[in-house]
Amino acid sequence: SRRERTCLALLQQRNTRASLLQIHAFMLRSALETNLNLLTRFITACASIAVAVSDPLAGIHHARRLFDRCPRRSDTFLCNTMLKAHVDSRQFKECVYLYQLLRRDADFVPDNYTFSSLAKACGLSLGYWEGQEIHNHVLKTGFSSNLFASTSLVDMYAKFGLMSCARKLFDEMTERSQVSWTVLVDGYARNGDVDHARKFFDQSPEKDSASYNVMIDAYVKLGDMGSAQSLFDEMPLRNAVSWTTMIDGYCNKGDVDSARLLFDIMPEKN
RNA sequence: UGUAAGCAACCG
């Protein structure tokens, strides 16, 4: 409908808490509050607004109220959106708890999207037991061969510091992306094993800036600016993270001149 | 084209 298209256009914009309240009012007036297309986008918008100091959770609370009120709230896309909204708002426990509620709902069917957000929530909150449960559900539901589901499980175990579990899953993957390799490299680096980090970095079939940034940061954290600089020089495309990682490394070594030189010549500053 | 996984510092 025309009003639906208007809402879609409004939700594409960068919104504020105030503009979202207006859009919500417009949706109510137009009887569009249970339109699944609009509702998923609305919830995503709620989770991505700038947080206000007075009420940082206003957006996510608004999103969850709408979700709970929706008659078709067992819709898989809608549920996945709500789970991710909790993760984006750093409400990891709420994410896992919502999943546990949804499992009691016979109409809810989780998919590979569901499990990647859940694994992320467990990884970021170091929720080991919840993570085990999610891993079991991935196995039971047959999504362990999915690229996103398995990569997020590798990342989850890496964040737990369980590199042998991460590595086992990585080895069992039938398909790997740049993200899968980077997650493993970063895991080894953060757990103090630069040698394995470098080994898998070198074996990565393709490397993007995140692959390099992770390996550079591993050297930076060790104070090995020589190795960091070599990789920085050889990488084809440097982004703001690459430059900031190097600058931070030189600053921590007390080499402010090198840091300042990089700062001055970096093409885009954030 | 209604939904998903990786990297720095800053700020809290």
Would you indicate what Thr40(A) reaches in the nucleic acid, counting non-hydrogen atoms under 4.0 angstrom: base, sugar-phosphate, or nothing?
-> base

Provide, to the nearest angstrom, the distance between the NE2 atom belonging to His86(A) and the C1' atom belonging to U3(B).
-> 14 Å

Figure out the CG/C1' separation between Leu124(A) and G6(B), and round it to whole Å.
-> 11 Å

With no angle test and no hydrogens, is the base of A5(B) tied to the side chain of Ser177(A) by a donor-acceptor pair under 3.5 Å?
-> yes

Tell me what Ser150(A) touches on the nucleic acid: a base, only sugar-phosphate, or nothing, going by heavy atoms under 4.0 Å.
-> nothing

Which part of the nucleic acid does Thr44(A) contact within heavy-atom distance under 4.0 Å: base, sugar-phosphate only, or nothing?
-> nothing

Are a donor atom and an acceptor atom from the side chains of Tyr97(A) and Gln91(A) found within less than 3.5 Å of each other?
-> no

When every non-hydrogen atom of Leu102(A) is compared with those of Cys79(A), the smallest separation belongs to CD2-SG, 3.7 Å

Compute the centroid of each ring, for Phe42(A) and then for His62(A), and state whether the two points are separated by less than 6.0 Å.
-> yes

Taking OP1 and OP2 of A5(B), is either one under 4.0 Å from a side-chain nitrogen or oxygen of Lys120(A)?
-> yes

To the nearest angstrom, the CG-P distance between Leu8(A) and U3(B) comes to 11 Å

Could you verify whether a donor N or O on one side chain and an acceptor N or O on the other, from Asn136(A) and Gln132(A), lie under 3.5 Å apart?
-> no

Using a 4.0 Å heavy-atom cut-off across all strands, classify Ser152(A) as base, sugar-phosphate, or nothing.
-> sugar-phosphate

Indicate whether the side chain of Ser211(A) and that of Asp208(A) have a donor and an acceptor atom separated by less than 3.5 Å.
-> yes

Aro-ring/base stack Phe148(A)-A5(B), d under 5.5 Å, angle under 30° | no

Does any residue of residues 155-166 of chain A have a heavy atom under 4.0 Å from RNA chain B, and if so, which ones, in number order?
-> Asp155(A), Lys159(A)

Side chains of Asn239(A) and Asn213(A): donor-acceptor distance under 3.5 Å anywhere?
-> yes

Please determine, by modelled atom types, if Tyr212(A) and Arg238(A) share a side-chain donor-acceptor pair under 3.5 angstrom.
-> no

Minimum-distance nucleotide to Asn80(A) side chain [options: C7(B), A4(B), U3(B)] | U3(B)

Pairs under 3.5 Å (N/O, protein and nucleotides 8-12 of chain B):
| residue | atom | partner | partner atom | Å |
| --- | --- | --- | --- | --- |
| A8(B) | OP1 | Arg190(A) | NH2 | 2.3 |
| A8(B) | O4' | Thr245(A) | OG1 | 3.3 |
| A9(B) | OP1 | Lys221(A) | NZ | 3.4 |

Which nucleotide sits closest to the side chain of Ala210(A): A5(B), C7(B), A4(B)?
-> C7(B)

Here the residues of residues 13-39 of chain A within 4.0 Å heavy-atom distance, strictly under, of RNA chain B are Leu36(A), Asn37(A)

In short, Phe200(A) meets Trp181(A) closest at the heavy-atom pair O-CE3, 3.5 Å

Would you say the side-chain atoms of Asp111(A) and Thr114(A) include a donor-acceptor pair closer than 3.5 Å?
-> yes

CZ of Arg65(A): more than 12 outside heavy atoms within 6.0 angstrom?
-> yes

At under 4.0 Å between heavy atoms, what does Leu78(A) touch on the DNA or RNA strands: base, sugar-phosphate, or nothing?
-> base

Tell me yes or no: between the side chains of Ser242(A) and Thr245(A), is some donor less than 3.5 Å from an acceptor?
-> no

Which nucleotide, A4(B), G6(B), C7(B), lies nearest any side-chain atom of Tyr113(A)?
-> A4(B)

Among side-chain atoms of Thr81(A) and Thr44(A), is any donor-acceptor pair under 3.5 angstrom?
-> no

